[in-house]
Number of protein chains: 2
Amino acid sequence: MADRLSETFGALADPTRRAILARLTSGEASVTELASPFAMSMPAISKHLKVLERAGLIARGREAQWRPCRLQAGPLHDVAGWVEHYRRFWEQSFDRLDDYLRELKKKDSKDKEKKHVRKQRKG
Amino acid sequence: MADRLSETFGALADPTRRAILARLTSGEASVTELASPFAMSMPAISKHLKVLERAGLIARGREAQWRPCRLQAGPLHDVAGWVEHYRRFWEQSFDRLDDYLRELKKKDSKDKEKKHVRKQRKG
DNA sequence: GGTGTATTTAACCTACTAGTTATTTAACTG
DNA sequence: CAGTTAAATAACTAGTAGGTTAAATACACC
């Protein structure tokens, strides 16, 4: 995975981890608190937290026997920055669908031509 | 992985695949064209394309023996929407960093005062 | 129909992921 | 100190990811 952005996306590619981040938007939480919504063992959660920590998406403190986790949104800023470069492409998508349908129609009529005409280049 | 967002993030968690998407922002391309920048076999690229296709990030046409790929940014819109929920957290963290730096400066000048600094501080 | 080119599929390998249970570490509490 | 609670680590498993080479498929041209 190597690079920062891949690590971030990798960490986000799991619904449990995204749910954990969502939970952390309402404040710090202990590992047990974070684990409680999930039908999953503590070590599993512990591993998810390690992934999030390595990706810089959470930070962990120490308070007696608790390890409170808190959200660190820095990497998400980078994600927002990355995805922003593609904005015009999703905004165009309706036009594109339109183009695509038009293209389909054209192709369709060409196919029909092919049945009569042998060789014909685009242009 | 199951859900749509996980699939999207999973597809984005690879630098080769992100580079392919970036290339596609400048228009359709064949598999060979997409493969050329990478020191990687064609089948490997083919697999990456399959991942991107399954995630709905590209669509593939058919023109003779070529399979031109084009960007489909819909899922990226969802990513943008998801990450947007966290905006206040990264903005807040900058504020915090700012506060921290301001705090440091204040402390710094106090420390210097304590040491009976001869040179006068600005600001 | 044979040949060349573009691309996918098959079979395989290695490494990692996401989960498990059992054990260990760390800190508080009586 | 013994017991309890919070969390991490160890050791294991099944499945998946990302790559390889070799073979198969799809199409165009002569």
Side-chain angles (χ1 to χ4, degrees), chain A residues 1-3 6-21 23-24 28-55 57-70 107 110-111 113-115 117-123, chain B residues 1-3 5-21 23-24 28-55 57-70:
Chain A
M1 232 183 249
D3 64 298
S6 296
E7 194 116 22
T8 305
F9 280 127
L12 298 176
D14 183 290
T16 304
R17 288 195 288 263
R18 289 198 306 279
I20 288 173
L21 292 182
R23 163 64 185 80
L24 290 178
E28 280 197 0
S30 71
V31 177
T32 311
E33 283 168 346
L34 291 174
S36 66
F38 306 103
M40 201 180 291
S41 66
M42 288 288 292
I45 300 294
S46 201
K47 284 186 185 180
H48 282 305
L49 293 177
K50 193 172 283 181
V51 172
L52 290 169
E53 190 179 25
R54 286 213 53 191
L57 286 161
I58 65 171
R60 300 203 249 191
R62 189 160 234 177
E63 255 181 61
Q65 63 257 236
W66 294 274
R67 308 284 170 83
C69 297
R70 66 178 181 283
K107 221 175 193 173
K110 263 194 189 164
D111 286 351
E113 282 172 37
K114 262 192 188 168
K115 286 178 187 167
V117 185
R118 260 275 160 100
K119 222 167 142 188
Q120 193 166 12
R121 283 290 290 161
K122 254 202 270 182
Chain B
M1 232 184 247
D3 65 297
L5 209 45
S6 296
E7 195 115 22
T8 305
F9 280 128
L12 298 177
D14 182 288
T16 303
R17 289 195 289 263
R18 290 198 307 278
I20 288 172
L21 292 182
R23 162 64 185 81
L24 290 177
E28 279 197 1
S30 71
V31 178
T32 311
E33 284 167 346
L34 290 174
S36 66
F38 305 102
M40 201 180 290
S41 67
M42 288 290 291
I45 298 294
S46 202
K47 283 187 186 181
H48 282 304
L49 293 177
K50 192 172 283 181
V51 172
L52 290 170
E53 188 179 25
R54 285 213 55 194
L57 285 162
I58 66 171
R60 301 152 111 166
R62 188 162 235 178
E63 253 181 66
Q65 64 257 236
W66 294 274
R67 306 285 175 79
C69 297
R70 66 177 181 286

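Chain identifiers are assigned alphabetically (A, B, ...) following the order of the sequence lines, protein sequences preceding nucleic acid strands; residue numbering begins at 1 within each chain.
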To the nearest Å, give me how far apart [atom1] ([X]) and [atom2] ([N]) are.
X	N	atom1	atom2	answer
B/L52	D/dG18	CG	P	10 Å
A/L12	C/dA18	CG	P	12 Å
B/D14	C/dA15	CG	C1'	14 Å
B/E7	D/dT16	CD	P	12 Å
A/R54	C/dA18	CZ	P	13 Å

Spell out, as yes or no, whether a donor-acceptor pair under 3.5 Å connects the side chain of A/R23 to the backbone of A/A35.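 Answer holds: no.
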Kindly say whether A/R60 contributes a backbone atom to a donor-acceptor pair with the side chain of A/R67 at under 3.5 angstrom? no
Once base and sugar-phosphate atoms are separated, protein heavy atoms under 4.0 Å mark nucleotides 3-10 of chain D, 5' to 3', with B, S and - as ---SSSB-
OP1 or OP2 of D/dG19 sitting under 4.0 Å from any side-chain N/O of B/H48?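 For D/dG19, OP1/OP2 do have a side-chain N/O of B/H48 under 4.0 Å.
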Does a nitrogen or oxygen in the side chain of A/S41 sit under 4.0 Å from OP1 or OP2 of C/dG19?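 A/S41 to C/dG19 OP1/OP2: no side-chain N or O under 4.0 Å.
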Does the side chain of B/S6 come within less than 4.5 Å of A/R18's, by heavy atoms?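 The answer is yes; the side chains approach within 4.5 Å.
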Partners of B/E28 by side-chain contact (heavy atoms from CB on, under 4.5 Å), sequence neighbours excluded? B/P68, B/R70
Specify the residue among A/E63 and A/T16 whose closest nucleotide of DNA chain C lies further upstream toward the 5′ end.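 The 5'-side residue here is A/T16.
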If you compare all heavy atoms of A/P15 against all heavy atoms of B/D3, which two are closest, and at what distance to 0.1 Å?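 Nearest pair, atom of A/P15 first, then B/D3: CG-OD1, 3.8 Å.
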So which atom in A/A19 and which in A/F38 form the shortest heavy-atom distance, rounded to 0.1 Å?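 Closest heavy-atom pair between A/A19 and A/F38: CB-CZ, 3.6 Å.
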Mind checking B/A44 for me? I need base, sugar-phosphate or nothing, with any heavy atom below 4.0 Å counting as a touch.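 Base contact.
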